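This report concerns only the one structure given below.
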Amino acid sequence: MDLLSHHLYSSPKVYLRELLQNAVDAVTARRAAEPDAPARIRLYASDGGLRVEDTGVGLTEPDVHGLLATIGRSYKRAEGLEEARSDFLGQFGIGLLACFVVAERIRVVSRSARTPGAPPVEWTARDDGSYTVRTLPDAERPEPGTTVYLTARAGAAEWLAPERVRALARDFGSLLPYDVRVGDEPVTELPAPWDRAHPGPAGRRVALARHCRELFGFTPLDSIDLDMPVAGVRGVAYVLPSAVSPAQRARHRVHLKGMLLTERAEQLLPDWAFFVRCVLDTDSLRPTASREALYEDETLAAVRDALGTRIRSWLTGLAAGDPERLAAFLAVHHLGVKSLARHDAGMLRTMLPWLPFETTDGQLSLEEFARRHPVVHFTRTVEEYRQVAPIAAAQGVGVVNGGYTYDSELVEALPRVRPGTVVAELDADTVTAHLDAVDPAEELALSGFLAAARDRLDPLGCDVVLRAFHPLSVPALHLDDRAARHEQARAAAEEQADDLWAGILGSLRGSAPRARLVLNHLNPLVRRIGSLGDPELIGTATESLYGQALLMAQRPLRPADSALLNRAFIGLLEWATHGEGDGR
């Protein structure tokens, strides 16, 4: 009793769901034999107590002993009803015991519709596990059906208060197929919001938006019908009006044959569909024993695929017939569509003219960018893009920033859906090759300056190269690639390791290209530095250009880089103030 009533369920509120479930199943069982039998469920709440009446199949005294008092037994397992069990909400035979979460005593008065002449029977159970059974006079229950009385346990009376019962009954039972009322107030609201008739598509969207606000608390960008009888699913998916993290677990509302099963279904949709919240009714999915989650099986996997296909079809339909709504959707949820397009060539082909990417030509689709540039260059990280974007744009080289989630994968997939497109990863060598070489005579004249600059940056694993490029305002450009950064990380780790690990890391030293500082020969400042005759001052100025190039590329600074920046700054101040101290 303690295990089932306190540890199986996550919240005391489930007691009302289990009472409604038992009442609905009892009515279903009776109507299977008597199609014209009444189908009424009434709840009467008062302070400290609750009464639930139904016109269902009822129980005899042997039923009470064998079903109510035996864990795991249920009338739905009785002979002659097994073939109809799929019509019932409950399958486990433990629902009534959930009432001990809030009740210290449960009293059941029932009269069987299947055994004419059988007297009413009373079953009274307490939370210590004891129970009594007795027969009653016919007057106590003249018609078939069952009445359940709950007496609140200490500290739980709030769960049986009229307002709480009314709210829980609406939440759990609004889609139930029978006449359910709390007192005289109706609980059921049929047909379901997604099945109701409306004057037109616009009116339906307004009505569903209102339903979404009431249910989830937000006004959706759009709604997607999920009416799929073959999959045993009916409902609607609401598109979130703001972006969410793909890692955030989406929680959906699932009704099972009209009864709310859970508000937190997490595995209902494919992972890429994190931009919608669903509410649906199903008769094909299995609940767990606590009836607060869906059982992960082949049926759930098939329904998940079917729902994903429906959402994918909605996106395709927007692309074909409503570009304005699609643009509004992508402005918020392009990440979810990119996630889908990675694995779906058809979706990538459909979305190619619409998905936005950061490029050196501004925010463009890959389709438009590929039309403008014979080669689609891309970087794999945002840092690499920031390094090369200004220079590449000035040289007429188009680059796509592939550092954001999914972007590099989609750029690489471009030739599969757009035959003839050439895609190439942009590295430091490619950028340097697009920069103009300096006249050999001029570079020879600056050999002393370049030698001093290279000596100063050599300990940092960085070469110095002289080129001429635009824009003129950029004095220096720091270029490296992943292999160079890996080598820098290996060298830094080697310096800090003990002898054993230093030896191991030293054996991993490769022939990776070094980072390079590309000095702009067209920049006036670089020209003035090149004319200096003091090697020490040249070195300090070179360190300053190196630090400025790192900061412009928004690269994370290593301890050695930070020390260099501090040294260069102090060195320049000393040089400037030294000149004033000499009276020059």
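In this text, all values refer to a predicted model and were calculated from it rather than measured experimentally.
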(message) Using 30° and 60° as the class boundaries, would you call the ring planes of F329 and H333 parallel, tilted or perpendicular?
(response)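 Rings of F329 and H333: tilted, as their planes differ by 30° to 60°.
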(message) Can you classify the ring geometry of W194 versus H211 as parallel (below 30°), tilted (30 to 60°) or perpendicular (above 60°)?
(response)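 Rings of W194 and H211: perpendicular, as their planes differ by over 60°.
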(request) Give a yes-or-no answer on whether the side chains of T28 and Y178 include a donor-acceptor pair shorter than 3.5 Å. (result)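 Short answer, yes.
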(request) Answer yes if the side chains of T147 and R141 hold a donor-acceptor pair under 3.5 Å, and no otherwise. (result)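 Yes, because at least one side-chain N or O of T147 sits under 3.5 Å from a partner of the opposite role on R141.
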(request) Please check if atom CG in D179 has more than 12 non-hydrogen atoms from other residues, nucleotides or ligands closer than 6.0 Å. (result)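 Counting neighbours around CG of D179, more than 12 heavy atoms of other residues, nucleotides or ligands fall under 6.0 Å, so yes.
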(message) Could you check whether atom CD of Q363 has more than 12 heavy atoms from other residues, nucleotides or ligands sitting under 6.0 Å from it?
(response)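 It does: Q363 CD has more than 12 such atoms within range.
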If we ignore hydrogens and angles and just use 3.5 Å, is the side chain of [X] paired with the main-chain N or O of [Y] as donor and acceptor?
X    : Y    : value
K338 : E409 : no
R30  : T55  : yes
R31  : A37  : yes
D225 : D227 : no
D63  : T60  : yes

Should [X] and [Y] count as side-chain neighbours, where that means a heavy-atom distance under 4.5 Å?
X    : Y    : result
L43  : V187 : no
V148 : L150 : yes
R386 : N401 : no
R304 : P270 : yes
Y44  : V165 : no
H343 : W272 : no
P323 : W354 : yes
V52  : N22  : no

Using every non-hydrogen atom in the two residues, find where [X] and [Y] come nearest and quote the distance to one decimal.
X    : Y    : answer
T188 : G173 : CG2-O, 3.3 Å
A169 : V182 : CB-CG2, 3.7 Å
V121 : L59  : CG1-O, 3.7 Å
R114 : A33  : NH2-CB, 4.2 Å
P186 : R181 : CG-NH1, 3.5 Å
P12  : V102 : CB-CG1, 3.9 Å

[X] with [Y]: basic N within carboxylate O range, under 4.0 Å:
X    : Y    : value
R234 : D195 : no
R134 : E122 : yes
R111 : D138 : yes

Rounded to the nearest 0.5 Å, what separation is found between the [atom1] atom of [X] and the [atom2] atom of [Y]?
X    : Y    : atom1 : atom2 : result
D171 : L16  : CG    : CG    : 10.0 Å
I224 : S313 : CD1   : OG    : 10.0 Å
T282 : K257 : OG1   : NZ    : 7.5 Å
D127 : I106 : CG    : CD1   : 9.0 Å
E296 : E266 : CD    : CD    : 11.5 Å
R107 : T151 : CZ    : OG1   : 9.5 Å

(request) Would you mind telling me which of R251, H252, R253 makes a side-chain hydrogen bond (donor to acceptor under 3.5 Å, both in side chains) with E263? (result)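 Exactly one pass, corresponding to R253.
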(request) Begin with the C-alpha distance, continue with both residues' side-chain angles, and end with the deciding distance and a verdict on side-chain contact (heavy atoms from CB on, under 4.5 Å) for H334 and Y406. (result) CA-CA 11 Å; H334 59 274; Y406 311 131; over 6 Å; no
